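For clarity, every value in this text was computed on a predicted model and none was experimentally measured. Letters A, B, ... are given to chains in the order of the sequence lines, protein chains preceding strands, and every chain is numbered from 1.
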Amino acid sequence: MYLDFRKQVETLLNETISHLGIETIDLDLEPSKHADLASKVAFRIASREKKDPKELAGAIVKAANVKKFPLIGKMSAMGPYININTSRNYIEETISRIRSEGTSFGGGFCEGQILLEHTSANPNGPLHVGHIRNSVIGDTLVRILRKAGYNVETHYYVNDMGRQIAIVSWALSHFEFDTSKKSDHSIADVYIEANAKLGEEPEKVMEIDKLMQLVEKGDEATIKSFSEAVLLALDGIKETLSRMNIRHDSFPYESTFVRSGAVTRIIEEIKATGRTKVDNGALVLDLEDYGFDKELVVQRSDGTSLYITRDLAYHEWKGERADRVINILGADHKLISGQLKATLDLLGKPEPEVVIFEFVSLPEGSMSTRRGKFISADELLDQVEEQAFVEVDMRRPEMPEDFKQKVAHMVGIGAVRYDVIRVSPEKSTVFNWKEALDFEKQGAPFIQYSHARACSILNKAQEEGIYNETFDMEPSLLVEDTEVELIKKMAAFDSIIEECARELKPHTLAIYARELAEAFNQFYRFVPVINIDDDKLKATRLGLVDCARIVLAISLDTLGIDAPKSM
RNA sequence: GAGACCAUAGCUCAGCUGGAUAGAGCAUCAGUUUGCGGAACUGAGGGUCGGAGGUUCGAAUCCUCUUGGUCUCACCA
């Protein structure tokens, strides 16, 4: 809704400025605390034409034909700033749209095909608390982009032929596999054991190299043993992801690009650029003019492919199938993804948009699956749900066990997801048990609570027969400050989605959802809803509660957090 | 050693392409209608925006230097 208002303001200002005989220029619009939208365009014109910005702002406001635009209310100049407010019509239109559009409110303004890859952790163990930052950022972006209107396909790119997997496969034939545990955890056990062994007896590394060559050549037995190892880990990983409301549409395997011949083809293309040479038997590519000092190794001296080469083939494939290709990657991939983009550019192929997130480390240092130094996602989720159960039990002791468990799950997962997504990806963090288990009052539970509260109010009203979705509302009766604030907040939802989708910054939505919940709580605190005599006003306010319920539910859903009807 | 990213209130963080008195939450302190879910609401205190220069009418935001942290610099992924 806010996007429509903004568009009208843009049209109005452009018309007005050109009417004044001034060349069009960046309108420099921004939301402001002084108005629903503010323009700094007077500064821009002033510096170009050596005029007084205050006078210009005044002149523009005076010349503007506001009446033509139904969503625009008051427009005024405050010094050099032009402040624009929404109209009463905007408020009432917002209400009627939420009621008619329901859960599709606030989205659907973009179109196109997107391929988004996230998580893609090596199948050599369970997801740990660092990996889930990738998963949560990725999945939230997927939900945001879908809400915006894109058709999004999600990928988990599976490394099924790298060195790590060769080690896992080797480990499975040398060490005991514990079938009593979740399979991804048992894979980690043998992987850690194998790495320790290889450290003690370096001559065994040759056996790993041998396995890699066999796989690359297409040796059936080796391929089968690799893929068994991968599936064991992947099954466990999928289970963890699904616990966090995350699922991928497809799991492309690295090996398919080797077997299809795509890797060989792309190596030929790279050679054809004339920028490669053979160094100690390995094929290397010069990317110095892209700012990379060191040459990029594209093929090993024994002829086997490398991660980067397979990834190039994968990206070529992705680029042919989508308008936007997005990857969520950890900070350790900064350099390699830069090299990947440079190489794709060199080959004239579309480059992916890369979202990099910084690492989550432990107080004692960085995490490592290989060394067994990590906190698994499963462990975190178990602990958090357990703590959430304690909280529910404390507040709703009379409720049955399965209710408490269900709520504890929703609240626990919500808390973890919210905690990850509220921080912008470029901040590195240190994992801390005490903080992880502390249910921040204004985090996910706060938003979920607001939703449950709205549901419960409506439920009560329906039982008493004083409200249902078809009741007539009279939006003109909604004039209290807290009511208007709540409505404006709901109206802004589309602009938040638009911004998150454009800049790939999901944390803004987390903040928004919290503010929306806050606006609802304030409204409900200050304005009587059920306990009033005026039936029309009562139905109207209940209708507003219903709208808030809808937008809270959409917001939570877009964050991948369950919206409980009661908690 | 080189490069990239980060540094804002006691703690965790917002702050969009430089622009109107630097914002939230947590924590602390003080309060709240016999009124609808108190996992709620109101208010207060708390900041040399790591440091030093510079560009600009204007800098938390841009440039340079500097300090501290994270990540990277493999024929690993």
Side-chain angles (χ1 to χ4, degrees), chain A residues 26 28-34 38 40 43 46-47 53 78-81 83 120-122 124 159 162-167 209 254 279-284 291-294 297-308 310-311 330-336 338 356-361 366 370 391-392 394-396 411 419 422-430 432 435 438-450 452-457 460-461 499 502-503 505 507-508 510-511 514-515 517-518 520-522 524-532 538 541 545 566-567:
Chain A
D26 178 20
D28 216 344
L29 290 168
E30 62 175 9
S32 138
K33 56 184 156 185
H34 306 279
K40 292 176 286 183
F43 282 109
S47 66
M78 178 80 95
Y81 296 91
N83 288 329
S120 301
N122 269 335
N124 55 8
N159 169 11
R163 173 156 237 107
Q164 277 83 342
I165 305 314
I167 296 174
D209 292 339
E254 281 192 23
D279 184 10
N280 279 328
L283 186 70
V284 300
F292 301 101
D293 304 338
K294 293 194 177 168
V297 180
V298 169
Q299 192 175 37
R300 290 196 185 92
S301 49
D302 65 3
T304 56
S305 62
L306 283 145
Y307 162 80
I308 181 70
R310 290 172 236 134
D311 214 21
D332 53 340
H333 281 69
K334 269 188 223 172
L335 177 62
I336 196 76
I356 297 278
F357 66 93
E358 290 291 330
F359 270 39
V360 179
S361 57
S366 55
R370 183 167 47 82
E391 306 276 341
V392 182
M394 203 164 67
R395 286 167 236 259
R396 307 294 296 273
V411 169
D419 208 47
R422 57 179 259 274
V423 180
S424 65
E426 65 268 15
K427 303 258 183 190
S428 55
T429 59
V430 176
N432 172 327
E435 280 172 26
D438 179 26
F439 286 73
E440 249 187 280
K441 280 195 183 133
Q442 299 273 46
F446 174 79
I447 306 163
Q448 290 172 311
Y449 172 76
S450 306
R453 200 181 185 189
C455 288
S456 152
I457 292 160
K460 191 174 168 189
E499 188 191 325
R502 182 165 34 85
E503 304 194 3
K505 284 188 173 167
H507 70 275
T508 319
I511 309 295
R514 205 206 69 229
E515 288 173 351
E518 194 169 46
F520 173 69
N521 285 330
Q522 283 169 348
Y524 199 69
R525 189 71 189 160
F526 278 101
V527 179
V529 174
I530 290 179
N531 297 332
I532 41 175
K538 192 191 288 185
R541 286 187 175 156
V545 171
S566 173
M567 66 185 266

Under 4.0 Å from OP1 or OP2 of [N]: is there any side-chain N or O of [X] that close?
X        : N      : result
A:Arg163 : B:rC76 : yes
A:Lys33  : B:rG23 : yes
A:Arg300 : B:rC76 : yes
A:Arg310 : B:rA77 : yes
A:Arg396 : B:rG38 : no
A:Arg453 : B:rG38 : yes

To the nearest Å, how far apart are [X] [atom1] and [N] [atom2]?
X        : N      : atom1 : atom2 : answer
A:Leu306 : B:rC75 : CG    : C1'   : 6 Å
A:Arg541 : B:rG35 : CZ    : C1'   : 13 Å
A:Tyr524 : B:rU42 : OH    : P     : 16 Å
A:Gln299 : B:rC76 : CD    : P     : 12 Å
A:Asp293 : B:rA4  : CG    : C1'   : 13 Å
A:Ile457 : B:rA40 : CD1   : C1'   : 11 Å
A:Ile532 : B:rG35 : CD1   : C1'   : 12 Å
A:Ile336 : B:rC5  : CD1   : P     : 18 Å

Output the single nucleotide from [options] whose closest atom is nearest the side chain of [X].
X        : options                : value
A:Phe446 : B:rC41, B:rC71, B:rU21 : B:rC41
A:Lys460 : B:rC36, B:rU21, B:rA77 : B:rC36
A:Lys334 : B:rA24, B:rA77, B:rA4  : B:rA4
A:Asp28  : B:rG25, B:rU70, B:rU17 : B:rU17
A:Asn531 : B:rC36, B:rU21, B:rU70 : B:rC36
A:Glu358 : B:rA77, B:rC5, B:rC75  : B:rC5
A:His333 : B:rU21, B:rA77, B:rC41 : B:rA77
A:Pro445 : B:rC76, B:rA39, B:rU17 : B:rA39
A:Asp332 : B:rU72, B:rG38, B:rU42 : B:rU72
A:Glu518 : B:rC41, B:rA20, B:rC5  : B:rC41

Which whole number of Å gives the distance between the [atom1] atom of [N] and that of [M]?
N      : M      : atom1 : value
B:rC11 : B:rA52 : C1'   : 28 Å
B:rC57 : B:rU12 : C1'   : 37 Å
B:rG45 : B:rG53 : P     : 31 Å

Inset, instruction - By nearest nucleotide on RNA chain B, pick out whichever of A:Phe526 and A:Ile308 is the more 5' one. - result: A:Phe526

Inset, instruction - Could you check A:Asn521 against A:Ser305 and say which one's nearest nucleotide on RNA chain B is further toward the 5' end? - result: A:Asn521

Inset, instruction - Describe the nucleic acid contact of A:Gly79 in one word from base, sugar-phosphate, nothing, applying a heavy-atom distance below 4.0 Å. - result: nothing

Inset, instruction - Indicate yes or no: does A:Glu426 engage A:Lys505 in a salt bridge with an N to O separation below 4.0 Å. - result: no

Would you list the protein and nucleotides 7-16 of chain B atom pairs, both N or O, that sit under 3.5 Å from each other?
unit_1 : atom_1 : unit_2   : atom_2 : d
B:rA7  : OP1    : A:Lys427 : NZ     : 2.7
B:rU12 : O2'    : A:Arg422 : NH2    : 2.7
B:rA14 : OP1    : A:Ser424 : N      : 2.8
B:rA14 : OP1    : A:Ser424 : OG     : 2.1
B:rA14 : OP2    : A:Lys427 : NZ     : 3.1
B:rG15 : OP1    : A:His507 : NE2    : 3.4
B:rC16 : N4     : A:Glu30  : OE1    : 3.2

Side chains of [X] and [Y]: closer than 4.5 Å at any heavy-atom pair?
X        : Y        : result
A:Arg300 : A:Leu306 : yes
A:Arg370 : A:Ile167 : no
A:Asn159 : A:Tyr307 : no
A:Asn531 : A:Lys538 : no

Legend entry - Where RNA chain B forms stems, i.e. three or more consecutive Watson-Crick or G-U pairs with both distances under 3.5 Å: B:1-7 with B:67-73, B:10-13 with B:23-26, B:28-32 with B:40-44, B:50-54 with B:62-66

